[in-house]
Amino acid sequence: AGWFRRLLHKPKPRSVESSLDASRSASSSPSSSSAERSGYSPSMSLVSSVRLSPISASDISASGSARWAKSYDVCICHSEADLELVEELVSYLEGQPESFRCFLQLRDAAPGSAMVTELCDAVQNSHCWVMLITPGFLQDPWCKYQMHQALAEAPMANGRTIPVLKDVDRKDYPKELRNLYYIYMALKENSFKQIRDTIVHCEYAAGETS
């Protein structure tokens with residue numbers, strides 16, 4: 001009887017205790033609401049998985065990385081009415097430790113080239129595409145053309161098409177993108193960071209599948 005009582009009171013191994021603590025912690029965390037899971041909540045972010053597994057700049061900037069297989073890391077699709085905001089975003093991304101290579105049409109398109117050719121080349125030669133969806137975007141046929149080109153390039157998306165909504169009602173969100181989570185631009189600084197983190201995740205995923 002004595003040895004049986006000692007066995008019952010034997011301390012649990014630390015690994016078991018850690019496992020139980022982790023389980024309790026996971027079960028106590030609040031779950032996402034159905035509105036957030038639907039992809040139409042302004043608070044929805046594309047980068048929830050990135051926060052769980054931070055990726056360093058060296059992971060995607062190594063000389064052997066699949067990153068260098070394309071000319072650009074990200075193509076920014078936007079209307080001319082939003083150029084000032086896009087220039088701020090590009091400046092932010094290019095100033096990050098990863099030194100992202102951004103395609104900005106008015107800056108990087110070759111003079112004299114056909115617009116259709118430039119837009120298609122930009123999509124094909126970029127790892128991912130940021131769609132800055134604003135009222136101007138919705139009214140610009142070239143923005144819609146470039147969006148369709150990006151979807152044709154990666155029909156299943158795979159995190160490569162990054163919709164960013166600004167000053168657009170949920171009901172006006174392009175139906176072609178409604179199977180994708182989006183970033184809602186409220187605070188500019190926070191949204192820029194979300195975009196950056198999503199691009200990093202896309203670059204790292206490209207390296208893993210190469």
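Because the structure is predicted, anything quoted here is derived from the model rather than measured. Counting from 1, the numbers follow the sequence of the chain as shown.
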Inset, instruction - Quick one: do Val123 and Gln146 satisfy side chain to side chain contact (heavy atoms under 4.5 Å, CB included)? Show the steps, please. - result: CA-CA 7 Å; Val123 168; Gln146 198 167 19; 3.7 Å; yes

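- Checking side-chain atoms of Asp140 against main-chain N and O of Gly136 turns up no donor-acceptor pair under 3.5 Å.
- Here OG of Ser79 is found 11.5 Å from CD1 of Ile133. Values are rounded to the nearest 0.5 Å.
- Gln105 contributes atom CD, which lies 8.0 Å from atom SG of Cys143 (distance to the nearest 0.5 angstrom).
- A 4.5 Å side-chain heavy-atom check between Ile195 and Tyr92 finds every atom pair outside the cut-off.
- In Glu153, the CD atom is crowded: over 12 heavy atoms of neighbouring residues, nucleotides or ligands sit closer than 6.0 Å.
- Closest heavy-atom contact between Val168 and Tyr184: O-CE1, 4.2 Å.
- Asp73 places a side-chain N or O within 3.5 Å of a backbone atom of Arg101 that can act as its donor or acceptor partner.
- In this structure, a donor-acceptor pair under 3.5 Å is present between the side chains of Asp82 and Thr134.
- Under the 4.5 Å side-chain heavy-atom criterion for Ile, Leu, Val, Met, Phe, Trp and Tyr, Leu85 and Ile162 are members of the same hydrophobic cluster.
- Leu177 contributes atom CG, which lies 10.0 Å from atom NZ of Lys175 (distance to the nearest 0.5 angstrom).
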Inset, instruction - Evaluate the side chain to side chain contact (heavy atoms under 4.5 Å, CB included) criterion for residues Asp169 and Asp172: first the C-alpha distance (whole Å), next the side-chain angles of each, then the deciding distance (0.1 Å), finally the verdict. - result: CA-CA 5 Å; Asp169 291 333; Asp172 296 322; 3.8 Å; yes

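- A distance of 13.0 Å separates CZ in Arg196 from CG in Leu89, rounded to the nearest 0.5 Å.
- Counting only heavy atoms from C-beta outward, the side chains of Cys128 and Thr161 never approach each other to under 4.5 Å.
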Inset, instruction - Mind running side chain to side chain contact (heavy atoms under 4.5 Å, CB included) on Trp142 and Leu119 for me, showing each step along the way? - result: CA-CA 9 Å; Trp142 288 111; Leu119 293 180; 3.5 Å; yes

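- For Arg178 against Arg170, the heavy-atom pair with the smallest separation is NH2-O, 3.9 Å.
- In the hydrophobic clustering of ILVMFWY residues, with side-chain heavy atoms under 4.5 Å counting as a link, Met185 and Leu104 come out together.
- Checked for salt-bridge contact, Arg107 and Glu87 miss the test: no charged N lies under 4.0 Å from a carboxylate O.
- Heavy-atom minimum distance, Asp108 versus Cys102: OD2-O, 3.1 Å.
- Connection of Ile76 to Phe192 is established within a shared hydrophobic cluster, with ILVMFWY side chains joined at heavy-atom distances below 4.5 Å, either directly or through further cluster members.
- If you take CD on Gln96 and CD1 on Ile199, they are separated by 9.5 Å, rounding to the nearest 0.5 Å.
- The salt bridge (Lys or Arg N to Asp or Glu O under 4.0 Å) search around Glu118 returns none, not counting sequence neighbours.
- Residues Ile183 and Leu165 form no side-chain contact, since every pair of their non-hydrogen atoms from C-beta on lies 4.5 Å or further apart.
- Clustering ILVMFWY residues whenever any of their side-chain heavy atoms sit less than 4.5 angstrom apart, transitively, puts Tyr173 in the very cluster that holds Trp129.
- Remark: Cys77 SG to Gln149 CD distance equals 10.5 Å, nearest 0.5 Å.
- Panel note: side chain Arg160, backbone Ser126; a donor-acceptor pair is recorded below 3.5 Å.
- Within 6.0 Å of NZ in Lys144 there are 12 or fewer heavy atoms belonging to other residues, nucleotides or ligands.
- The backbone N or O of His127 sits nowhere less than 3.5 Å from a side-chain atom of Arg67 that would complete a donor-acceptor pair.
- Cluster annotation: Leu138 and Leu151 are assigned to the same hydrophobic cluster (Ile/Leu/Val/Met/Phe/Trp/Tyr, side-chain heavy-atom contacts under 4.5 Å, transitive).
- Under 4.0 Å is where a charged nitrogen must lie from a carboxylate oxygen, and between Lys188 and Glu88 at least one such pair does.
- Taking 4.5 Å as the limit, some side-chain heavy atom of Phe137 sits within range of a side-chain heavy atom of Met131.
- Taking the six-membered ring for Trp and thresholds of 30 and 60 degrees, Tyr72 and Phe103 have ring planes more than 60 degrees apart, a perpendicular arrangement.
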